[in-house]
Engineer: 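Supplied in structure tokens, the structure appears directly below.
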Protein chains: 2
Amino acid sequence: MRWDSLEQEQCSVARTVAVIGDRWSLLILRDCFLRVRRFEEFQSRLGVTRHILADRLKKLVSFGVLRRAPYQVNPTRHEYILTQKGLDLYPVVMAIVHWGDTHMVDERGRPLLHEHKNCGKMFDPVMVCSECGEPIIAKEVHVHAGPGAATGTAEEIAAREAARAR
Amino acid sequence: MRWDSLEQEQCSVARTVAVIGDRWSLLILRDCFLRVRRFEEFQSRLGVTRHILADRLKKLVSFGVLRRAPYQVNPTRHEYILTQKGLDLYPVVMAIVHWGDTHMVDERGRPLLHEHKNCGKMFDPVMVCSECGEPIIAKEVHVHAGPGAATGTAEEIAAREAARAR
DNA sequence: ACCATATAGTTCTAAAATAGAACTGTCAAA
DNA sequence: TTTGACAGTTCTATTTTAGAACTATATGGT
């Protein structure tokens, strides 16, 4: 399977992974949420090669996650700003941060704390059910085929996917 | 920067990306949450090469996200099961699914629907503040240095990171 | 006029990762 | 004894990435 073909997969994970499923894109996004906007700043903070950075920024722009906006003329220079589509990735980034904070910290503890301006407290992100508000646990979720799936149960879909892959 | 050095970064995103920051690991995890457990099933569903699959499963086991458990003898065969550390990645996967459902679906709509067994309804995952329960928006969050950061403000940390990368 | 600096890239080669296919080993069942 | 299922491993060709150098445009200093 090639990168390009991921976008056309009938799975939302696969389609999202086509956008953010490489380490540099995720690290660039992290920095975007920390208000980093410019090429040089991304480059020096991340230590990514300029070549790859240019490529990833271009991709993120083409996916509509970032937009490239001029911030001066003579010479014209641009910065990279999260679109609404990009801002909507915040839960993804926060979920990743929280998992890292829980499972990958060293003895010194978490590197960053997050304050919720609304309530003024340091918080952890919690994923809850939009209907009942309870935290979501994998075992308490049942999966159904949606309209975007070819008809059938999750098992049938799995079987089709398997057949297609062969 | 090399893959190995990511783990030692002082950022939880970077450390998490060392584990799940490639497309195959994320797709393998998606399948794990859909109850896929065996090598052949991952391989046929994902279309990943056997070489890469073996490598990623080994990595996920070594990170403690999956465990390799025997399910028969003669010949001994193993399956891959999410550990608690792996189950804790559910919010990450769900956040990714939800973003894909929102921004990457085609005209037919989302491929899968999720039912919360507790309340019996189809739901979307929502990320909320652990303290006040309100949904989290990027602009309403302020970042502070935590104990695992070298001392200083987020800006100073950024400056240090930049200096280190140079 | 000349040089250094800042910013945002592009280009080049070597090294690493991945794709795709074939092969290995173990055992059960036909 | 042959076939098939399962879980890998090995091989070569292709693609991607790392690392460094180079380009382009303009400002500001001497």
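In what follows, chains are A, B, ... by sequence order, proteins preceding strands, each numbered from 1.
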Engineer: Can you tell me which nucleotide in dA8(C), dG19(D), dA19(C) comes closest to the side chain of Thr49(A)?
Structural biologist: dG19(D)

Engineer: Inspect the contact between Asp124(A) and Arg110(A) and indicate whether a charged nitrogen and a carboxylate oxygen are less than 4.0 angstrom apart.
Structural biologist: yes

Engineer: Considering every strand and a 4.0 Å limit on heavy-atom distances, what is the contact class for Tyr71(A): base, sugar-phosphate, or nothing?
Structural biologist: sugar-phosphate

Engineer: Which nucleotides of nucleotides 21-26 of chain D have their base under 4.0 Å from a protein heavy atom (B), which only their sugar-phosphate (S), and which neither (-), written as one string 5' to 3'?
Structural biologist: B---BS

Engineer: My understanding is that a hydrophobic cluster links ILVMFWY residues whose side chain heavy atoms are under 4.5 Å apart, including indirect links. Using that, what else belongs to the cluster containing Val128(B)?
Structural biologist: Val126(A), Val128(A), Val126(B)

Engineer: What nucleotide, of dT18(C), dT7(C), dT17(D), holds the atom closest to the side chain of Ile52(A)?
Structural biologist: dT17(D)

Engineer: Looking at dT9(D), dA19(C), dC6(D), which one has an atom nearest to any side-chain atom of Lys58(B)?
Structural biologist: dT9(D)

Engineer: Mind checking whether Val17(A) and Arg30(B) have side chains closer than 4.5 Å, heavy atoms only?
Structural biologist: no

Engineer: Where the side chain of Ala54(B) is concerned, which of dT18(C), dG8(D), dT7(C) is the nearest nucleotide?
Structural biologist: dG8(D)

Engineer: Looking at His114(A) versus His116(A), is the centre-to-centre ring distance below 6.0 Å?
Structural biologist: no

Engineer: Leu87(A) versus Phe33(A): any side-chain heavy-atom pair under 4.5 Å?
Structural biologist: yes

Engineer: For dG8(D) and Arg38(B) - does any side-chain N or O of the residue sit under 4.0 Å from the phosphate oxygens OP1/OP2?
Structural biologist: no

Engineer: Within the structure shown, what part of the strands sits under 4.0 Å from His51(A) by heavy-atom distance: base, sugar-phosphate, or nothing?
Structural biologist: base

Engineer: Please determine if a side-chain N or O atom of Tyr80(A) lies less than 4.0 Å away from the OP1 or OP2 oxygen of dG9(C).
Structural biologist: yes

Engineer: Measure the acute angle between the ring planes of His142(A) and His144(A), then classify it against the limits of 30° and 60° as parallel, tilted or perpendicular.
Structural biologist: perpendicular

